[in-house]
Amino acid sequence: MDQNFWLILLAIIGGAIRVSTPFLFVSLGECITEKSGRINLGHEGSMIMGAMVGYGVSLFTGSAWLGILAAGCIGSLFGLFHGWICGKKGVNDIAMGIALIMLGTGLAFFFGKSLIKPTAPRLDDFSLAWWSSVPQITQAFRINWLFILGIILAVVLHYGFKYSRWGMIVRVAGENEEAGLALGYNVNKIRTISSALGTFLSGIGGAYLSLYYPGSWNEGLSSGQGLMAVALVIFARWKPMQCFVASLLFGGAGALGPALQGAGFSYGYYLFNATPYILTLIIIITSSSKKESGVAPAELEI
Amino acid sequence: MAKNSTTKLISTLKPVLNTLVALSISLVFFALFLLIIGASPKEVFTYMIEGSVGNWFSIQNTLLMMAPLMLVAFCTVLPAKLGMVVIGGEGALVVGGLASAVTGIALADASYALTMSGMFLSAFLAGGIWIGFVGLLKYYKGANETIVSLLMNYIAIALLNHLVEGSLRDPQSLNKPSTYHIGESKMMGDIAGTDVHYGVIIGLFFILFTYFIYHFTTFGFSVRITGGNKKAARLVGLSLGKIILITCFLAGGISGLAGMVEVTAIHGRANASLIAGFGYTGILVSFLSRHNPIAVLPVTFLFGALAASNGLIQRRCELPDATMVVLQGIIFVTIIGWEGFSGKMALQSFKKLKFNLYGSKLLADTFSNYRRSYKS
């Protein structure tokens, strides 16, 4: 039992590290978008496109990092479009997000058909557990640079939103459109740029899926991580640092089921998969009140 | 009177026309896409028509594809009347399908009529309670219905997976864990003389039913007041909570029936096949039909037609199955995005028209001035 416990814990830590990176990138992306006052539900689309393009570019150029860059660029095209078109009167951002999921998925599956078989160079990783020689431990602590990059990004965004000029501008756009206009900023432009930046990150998150873990391109690659971004951001109360915590938690919760199964407890595998969603739901229920919600950007209709 | 009905006709036709324009634009985009990838748009469009309405077999196929979409779209259509964006159709469909399968298995020895009505009611109740909960949270806690319903989708899927892998699992379903079969004799039959099951009829019924409710009953009237202005609704003493709850219950119930149709007419059991993304397409159907129950019919027909012709296009044009997803994506993006241009375009052309009129007046004036000066 004692050994089982440690095995499960290790598996959860390992799982949290492996699974959380795409969550981290997507949630940071959605965080930027939502801070500027708009919801983009379409991260799933830019993510799958990122996964496909990242894999393809990595395959043809032999460099996984070029793949990551290309994935971000293709992702940002989606955000650019979403941000631009949702700035027009009468375009519903939620419906447009779902439409872009469909378009992104369709395009990725269409052009990705030839990428299912070949193997592209993957991202390198290294183990943080230099202090241990136990293979399970070194395996669990294997991380790659994207994970580190994500953490740095979360810190930068945290301080950026708080203290930097552009962070303030984005927040003004998200909190009070009139105030932004009064200050002479083009609110639509700010939102479009924020959306593009946001999907740049979700594109990278997608490339992580195809280039590191699970580490190949196929049509069942993304399992709703992009859609979850919106929930994650609420869970994180629109704070980049907490996006990191939320991603780890979601990753860990996702790893709980397989870990328990590995240790011989197979009951409730799928229910454990649902824990992040139930947690988020509880948080929404407890934190919503009929009056001002306070934490959410005021221009966001949440 | 006649003038009034003309304006009414114009105001009904305008959105229809608008959508048709956007649809044609999206088909042009798709044709461009086909040209870029080196396929022949003419060939693809020909097979699309042949595969969807070309013959009796295709038409039946199209109708079959329509059934779940018609029902699940209501999950978004009805709450939208109140200004709510509910996207929980997928979850309602899944719990509806699950509930009807469980009821079907439990009533294995009962008569056909009893089992059928049991499955119908349980699916309606399950879906209704599922989305009703969303409405409840919205009304009492002010929780955002869009996010809550999205989360509920995932919880529904986890619940389905948990139950079909666990206590409800038929040990013989190895590759695809499923519940037990409800029994061939309990399946929903086909409409006499066709291969189309009664799901289409249920869908049609609810389209007419909701249209009737929303246009000819007091409840529908109060919903329209509430959707228009919440303060006004409160002022005239309407119970907002009741309206939200009933609307959400109805919305979820109808989309729960989509799951029941899938189970009793197609699969015979509840399994992962229920998670086919109908719920998400339903959201877009709702937006494309501008949340109008009657418009759901042609819009689902369009998507039924696309789905039905998919196989033919794959085989004859040697295009991957994702082609149709691309087309759907292009259609959705164009039609939803077109909203942002249609108003402006109309305004611009109006301005241009005015300018032209002004311009021609100027020209005419100059001309007459010239003539006058010439005369004198």
Side-chain angles (χ1 to χ4, degrees), chain A residues 39 41 45 81-82 84-92 94-96 98-113 219 224 227-228 230-231 233-234 266-281 284-291 293 296 300-302, chain B residues 33 37 76 80 85 87 133 137-144 146-148 150-167 277 280-281 283-284 286-288 319-344:
Chain A
I39 299 182
L41 219 56
F81 180 76
H82 185 273
W84 168 70
I85 201 129
C86 291
K88 312 237 173 260
K89 201 168 170 276
V91 181
N92 184 293
I94 288 172
M96 184 47 90
I98 297 170
L100 282 177
I101 294 177
M102 204 162 262
L103 185 65
T105 315
L107 288 174
F109 288 2
F110 188 93
F111 291 108
K113 277 277 183 278
E219 297 185 351
L227 272 170
M228 278 312 293
V230 184
V233 173
I234 297 175
S266 61
Y267 187 79
Y269 176 87
Y270 287 97
L271 285 189
F272 282 118
N273 277 352
T275 33
Y277 312 115
I278 295 171
L279 274 178
T280 313
L281 192 61
I284 291 176
I285 294 170
T286 50
S287 65
S288 309
S289 72
K290 296 207 80 177
K291 295 173 202 107
S293 65
L300 214 60
E301 281 170 0
I302 267 196
Chain B
F33 171 77
I37 60 163
T76 312
V85 182
I87 56 176
F133 183 64
L137 291 183
K138 171 77 181 178
Y139 181 65
Y140 286 105
K141 298 291 297 179
N144 179 272
T146 315
I147 311 297
V148 170
L150 176 67
L151 290 169
M152 300 273 286
N153 285 346
Y154 287 98
I155 297 173
I157 290 169
L159 194 69
L160 173 81
N161 283 332
H162 175 68
L163 289 176
V164 299
E165 290 268 0
S167 42
Y280 292 100
T281 314
I283 301 163
L284 294 161
S286 174
F287 272 95
L288 259 55
L319 288 168
D321 54 348
T323 317
M324 279 295 145
V325 190
V326 174
L327 174 57
Q328 281 196 17
I330 292 178
I331 292 179
F332 284 137
V333 169
T334 317
I335 295 188
I336 291 167
W338 180 247
E339 289 289 299
F341 293 96
S342 55
K344 209 174 161 189

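What you are looking at is a predicted structure, and each value in this text was computed from that prediction instead of being measured. Residue numbers begin at 1 in each chain, while the letters A, B, ... track the order of the sequences. When reading the values below, keep in mind they use all heavy atoms of this one structure, side chains included, and skip hydrogens, waters and symmetry mates.
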Chain B: which of [options] shares the most heavy-atom pairs with it under 4.5 Å?
{"options": "A/Phe109, A/Phe81, A/Tyr277", "answer": "A/Tyr277"}
{"options": "A/Ala274, A/Gly90, A/Ala95, A/Cys86", "answer": "A/Ala95"}
{"options": "A/Leu227, A/Leu100, A/Thr280", "answer": "A/Leu227"}

Checking [X] against chain A: side chain, backbone, both or neither under 4.5 Å from a heavy atom?
{"X": "B/Val85", "value": "side chain"}
{"X": "B/Met324", "value": "neither"}
{"X": "B/Ile330", "value": "both"}
{"X": "B/Ile335", "value": "neither"}
{"X": "B/Tyr280", "value": "both"}
{"X": "B/Thr146", "value": "side chain"}
{"X": "B/Ile87", "value": "side chain"}

Distance from [X] atom [atom1] to [Y] atom [atom2], nearest 0.5 Å?
{"X": "A/Ile284", "Y": "B/Lys141", "atom1": "CD1", "atom2": "NZ", "answer": "12.0 Å"}
{"X": "A/Glu219", "Y": "A/Thr105", "atom1": "CD", "atom2": "OG1", "answer": "10.0 Å"}
{"X": "A/Ile98", "Y": "A/Ile94", "atom1": "CD1", "atom2": "CD1", "answer": "7.5 Å"}
{"X": "A/Met96", "Y": "A/Ile39", "atom1": "CE", "atom2": "CD1", "answer": "15.0 Å"}
{"X": "B/Glu339", "Y": "B/Thr334", "atom1": "CD", "atom2": "OG1", "answer": "12.0 Å"}

Quick check on the interface: out of B/Val333, B/Val326, B/Leu288, B/Val325, who has the most heavy-atom pairs with chain A under 4.5 Å? B/Val333

Who among B/Leu327, B/Ile283, B/Thr323 has the most heavy-atom pairs with chain A under 4.5 Å? B/Thr323

Segment of A/Ile85 engaging chain B (4.5 angstrom heavy-atom cut-off): side chain

Sequence-distant partners of B/Asp321, side chain to side chain donor-acceptor pair (under 3.5 Å), two or more places apart: A/Lys113

Could you tell me whether A/Phe110 and B/Phe33 have their ring centroids closer than 6.0 angstrom? yes

Given the side-chain rings of A/Trp84 and B/Phe341, with only the six-membered ring counted for Trp, is the space between their centroids under 6.0 Å? yes

Working for side chain to side chain contact (heavy atoms under 4.5 Å, CB included), residues B/Phe332 and A/Leu103: CA-CA 8 Å; B/Phe332 284 137; A/Leu103 185 65; over 6 Å; no

